[in-house]
Amino acid sequence: MAKNAKLHYTTPGMDEATAQQVVDILQDRLYACNDLHLTLKHVHWNVVGPSFIGVHEMLDPQVDAARGFADELAERIATLGGSPIGTPGALVAERSWEEYSIGRDSTQAHLGALDLVYTGVITSYRENIATLDDLDLVTQDMLIGHTEQLEQSHWFVRAHLEDRSGSLATAGATTEVQAADAAAGSTDGDAHAG
Ligand SMILES: [Fe+2]
């Protein structure tokens, strides 16, 4: 978990033990959003194929949104008397998920992988929202706002993966490579390894 500096004060009406738990949640979300905006830029640069420009340009507003969430999360940590950790080494050391695994690839392959990326981020956001019920409703409100926008971005991604019946090409995929292959219609399981 995050190794933020000790709190010496916090916001009025909250005890420091509670504030520390809230800071730990915020720090985990800060790692997630910093990871997300960097990953989305990586995809923005690496998509290829006939739908390049639409996907390339769709992703920049999602990058901006994730960067905005990171800024709000970090400043909320400081507001609660904590010290936000925004350095890349700490992010890599502390995150509980793997590095995005796909380099240059088709738009559909990346969108398939991004479906899983957003699933992971949103699932954790919802778990944190539930935990904050008993800790801090103000921070919970911030996370609810982020989740609404993340879920809309996730829909933008999924709309590219959905068929006329409403089924997702990535249904049942448990890894980014599986999801990328399913979305791209590839039968070569090694196509997106490494
Ligand atoms: Fe760009």
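Both ligands and their constituent atoms are indexed starting at 1 by order of listing.
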Cationic tip of Arg29 within the cone over Tyr125's six-membered ring, i.e. under 6.0 Å and within 45° of the normal? yes
Answer yes or no: is there a donor N or O on one side and an acceptor on the other, between the side chain of His110 and the main chain of Gly103, under 3.5 Å? yes
Between Thr10 (side chain) and Leu80 (backbone), is there a donor-acceptor pair under 3.5 Å? yes
Any side-chain heavy-atom pair from Arg67 and Asp71 closer than 4.5 angstrom? no
Would you say the side chains of Glu72 and His146 form a donor-acceptor pair under 3.5 Å? yes
Only protein N/O/S atoms count here: give how many lie under 2.8 Å from the Fe ion (ligand 1). 1
Given Asp60 and Lys41, is the salt bridge (Lys or Arg N to Asp or Glu O under 4.0 Å) satisfied, shown in steps? CA-CA 7 Å; Asp60 264 344; Lys41 263 298 189 193; 2.7 Å; yes
